[in-house]
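Before anything else, here's the structure in question.
These figures come from a predicted structure and were not determined experimentally.
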Amino acid sequence: MNSLAGRRIVLGVSGGIAAYKAVEVCRRLVDAGACVIPVLTKGATRFVGRATFDALASERVRMSLFDEDDPIPHTTLGQTADCVVVAPATARVIGAYAAGISSDLLTATLIATRAPVVVCPAMHTEMWEHPAVAANIATLAARGVHIVGPESGPLAGGDEGAGRLSAAADIAAAVSRVLEAASRPPDMDGLSVVVTAGGTREPIDPVRYIGNRSSGKQGHAFADEAASRGAQVTIVTTVDRPGPPAATVVRVETAEQMSAAAADATADADLVIMAAAVADFRPADPAGVKLKKRDGVPDLPLEPTPDILAALGASKPAGQILVGFAAETCDLAHNAAAKLAGKGADYIVANDVTARNAGFAHDTNEVLVLTYDGRIHPIGLRSKRQVAQAVLDLVLADRVAQTAMQENQ
């Protein structure tokens, strides 16, 4: 949390029942050394008093566009903030921010700032799952806004489901990571990076397919991290998730399509990260019409899919770095080492998909990184974005060391 010390953070609090949790967020940020300026909406004061924030925050509460000593308070707040955090963020505030509507001091500040923005949604499950809210969240994420949560759990009124505000400790930690990343020099500036993500789908008939449980979260985390560090990113993905702002997103479905797209994208790439879970087999002769149960169990001969990693390893141009992945259920290090030796990759990132809170669909992961020269780097359980950060740190450090060695020869 050292990245919070001395930072000026605007804490936006909007009008939802979770507004009382913003008090704890405020306290944690202040305790970490941040200068916190609360901006409350009128609705927020129906759930929590401004006097509480006046007492705990670094500066008094701001609420109005027109009743402040500063004639342009939203501009001043936006320009002087190191980060703007909205916790909780209601559907109204999310929608106004996505649409560029500055109807109060909080939304005006969000539009007026160029600082990193962290949005922490909180609302009932039905609202969180509404297509308009989902579209607004996707819009903000595509613009580079950092979305934290929501979590699943008990909600107001005795309900339970998705929409619960993330824990104050998690929000403060996310703000710290965002500020740390913002202060880090763009060490991938000028690099061309290709990432594959998601699980392929191999058709059985027009309705059914052979697939796997990959969510694409880890691959997209690599794309987001690389883009935030200045890289020009192309992501070849099978999942409906937004890519980083300014990234080239190539949507595919099958292993054959991914193989073709990867071959095109990687020809001039500096770094290739093959995080996709590519199916090993596909039906040799997919049916042209939907198969009927009444016709009995179909004869379904399988054939291997293209080995994309091996193909890229065999044709890898000089200087390109190739990172492969190994999703395993046992003998993790042994199987990963065999894959590293057989595929022509420089690194293999291996994870046990049966481990608790790691692997497919989870937001966290735990991996072993095996290197071209026999080193093994364990990366303990952490968010998939942090896993991506740690792997890229390792790869870039090796790249710098190799460059220095070549220059000294």
Task: Any donor-acceptor N or O pair under 3.5 Å, side chains Thr371, His377 - done: no
Open item on the list: So Ile137 and Ile94, do their side chains get closer than 4.5 Å, heavy atoms only?
Closed with: yes
Task: Point-to-point distance, once rounded to the nearest 0.5 Å, from CZ of Arg382 to CD1 of Ile379 - done: 6.0 Å
Open item on the list: For the NZ atom of Lys339 and the CG atom of Leu309, what is their distance to the nearest 0.5 Å?
Closed with: 6.0 Å
TODO: Kindly indicate, with the supporting measurements, whether the criterion salt bridge (Lys or Arg N to Asp or Glu O under 4.0 Å) is fulfilled by Arg229 and Asp187.
DONE: CA-CA 6 Å; Arg229 296 165 76 156; Asp187 54 358; 2.8 Å; yes
Task: Residues which pass salt bridge (Lys or Arg N to Asp or Glu O under 4.0 Å) with Asp264, listed by chain and number, not counting sequence neighbours - done: none
Task: Atom pair OG1 (Thr45) and CG (Leu40), whose distance is rounded to the nearest 0.5 Å - done: 7.0 Å
Open item on the list: Under a 3.5 Å cutoff, is there a donor and acceptor pairing between the side chains of Asp70 and Thr76?
Closed with: yes
- [ ] Kindly write out the residues that satisfy salt bridge (Lys or Arg N to Asp or Glu O under 4.0 Å) with Arg208, not counting sequence neighbours, or none if the list is empty.
- [x] Asp205
- [ ] Name all residues meeting the salt bridge (Lys or Arg N to Asp or Glu O under 4.0 Å) criterion together with Asp104; count only those two or more places apart in sequence or in a different chain, and write none if there are none.
- [x] Arg92
Show me the donor-acceptor pairs within less than 3.5 Å that the side chains of residues 119-129 make with the rest of the protein, sequence neighbours left out.
{"unit_1": "His124", "atom_1": "NE2", "unit_2": "Asp159", "atom_2": "OD2", "d": "2.7"}
{"unit_1": "Thr125", "atom_1": "OG1", "unit_2": "Ala162", "atom_2": "N", "d": "3.2"}
{"unit_1": "Thr125", "atom_1": "OG1", "unit_2": "Ala162", "atom_2": "O", "d": "2.7"}

Task: Pair Ser176-Ser3, side-chain hydrogen bond (donor to acceptor under 3.5 Å, both in side chains): steps then yes or no - done: CA-CA 6 Å; Ser176 178; Ser3 59; 2.7 Å; yes
Task: CZ/Arg213: more than 12 non-hydrogen atoms of other groups inside 6.0 Å - done: no
Open item on the list: Would you compute the distance between atom CD of Glu151 and atom CG of Asp170 and round it to the nearest 0.5 angstrom?
Closed with: 6.0 Å
Open item on the list: My understanding is that only one of Lys217, Lys384, Arg385 makes a salt bridge (charged side-chain N to carboxylate O under 4.0 Å, His left out) with Asp363; could you say which?
Closed with: Lys217
Open item on the list: With a 4.5 Å cut-off on side-chain heavy atoms, are Ile210 and Ile204 touching?
Closed with: yes
For residues 273-289, dump all side-chain donor-acceptor pairs below 3.5 Å to protein atoms at least two apart in sequence or in another chain.
{"unit_1": "Arg282", "atom_1": "NE", "unit_2": "Glu303", "atom_2": "OE2", "d": "2.9"}
{"unit_1": "Arg282", "atom_1": "NH1", "unit_2": "Glu256", "atom_2": "OE1", "d": "2.8"}
{"unit_1": "Arg282", "atom_1": "NH2", "unit_2": "Glu303", "atom_2": "OE2", "d": "3.3"}

- [ ] Show your working on side-chain hydrogen bond (donor to acceptor under 3.5 Å, both in side chains) between Asp398 and Tyr347 and close with a plain yes or no.
- [x] CA-CA 11 Å; Asp398 286 350; Tyr347 300 84; 2.6 Å; yes
TODO: Compare all side-chain heavy atoms of Met258 with those of Ile308 and state whether any distance is below 4.5 angstrom.
DONE: yes
- [ ] Start with the C-alpha distance between Val117 and Tyr97, add both sets of side-chain angles, then the distance that settles side-chain contact (heavy atoms from CB on, under 4.5 Å), and finish with yes or no.
- [x] CA-CA 11 Å; Val117 175; Tyr97 183 25; 3.5 Å; yes
TODO: Go through the steps for Ile321 and Asp270 under the test side-chain contact (heavy atoms from CB on, under 4.5 Å), then give the verdict.
DONE: CA-CA 6 Å; Ile321 299 171; Asp270 298 297; over 6 Å; no
- [ ] Applying side-chain contact (heavy atoms from CB on, under 4.5 Å), run through Cys35 and Ile37 and close with a yes or a no.
- [x] CA-CA 7 Å; Cys35 174; Ile37 306 94; 4.2 Å; yes
- [ ] State whether the number of non-hydrogen atoms from other residues, nucleotides or ligands found under 6.0 Å of Tyr209 atom OH is greater than 12.
- [x] no
Task: Asn351 and Glu366 side chains, donor-acceptor separation under 3.5 Å - done: no
Task: Asp346/Lys316 ion pair, N-O < 4.0 Å - done: yes
Task: Value rounded to 0.5 Å, distance of CD1 in Ile111 from CD1 in Ile101 - done: 8.0 Å
Open item on the list: I'd like to check the ring-ring contact (aromatic ring centres under 6.0 Å, His included) partners of Phe53; sequence neighbours left out, ordered by chain and number.
Closed with: none
Task: Residue pair Arg27, Glu24: steps toward the salt bridge (Lys or Arg N to Asp or Glu O under 4.0 Å) verdict - done: CA-CA 5 Å; Arg27 187 191 67 78; Glu24 177 66 10; 2.7 Å; yes
Open item on the list: Please tell me whether Thr200 and Glu202 have a donor and an acceptor in their side chains that are separated by less than 3.5 angstrom.
Closed with: yes
Open item on the list: One pair to check against side-chain contact (heavy atoms from CB on, under 4.5 Å): Leu110 and Val93. What are the steps and the verdict?
Closed with: CA-CA 10 Å; Leu110 286 167; Val93 167; 4.3 Å; yes
Open item on the list: Please report the interatomic distance OH(Tyr372) to CG(Leu322), rounded to the nearest 0.5 Å.
Closed with: 14.0 Å
Task: Flag if over 12 foreign heavy atoms under 6.0 Å of CG, Asp373 - done: yes
Task: Shortest non-hydrogen contact between Ala333 and Leu370, atoms and distance - done: O-CD2, 3.8 Å
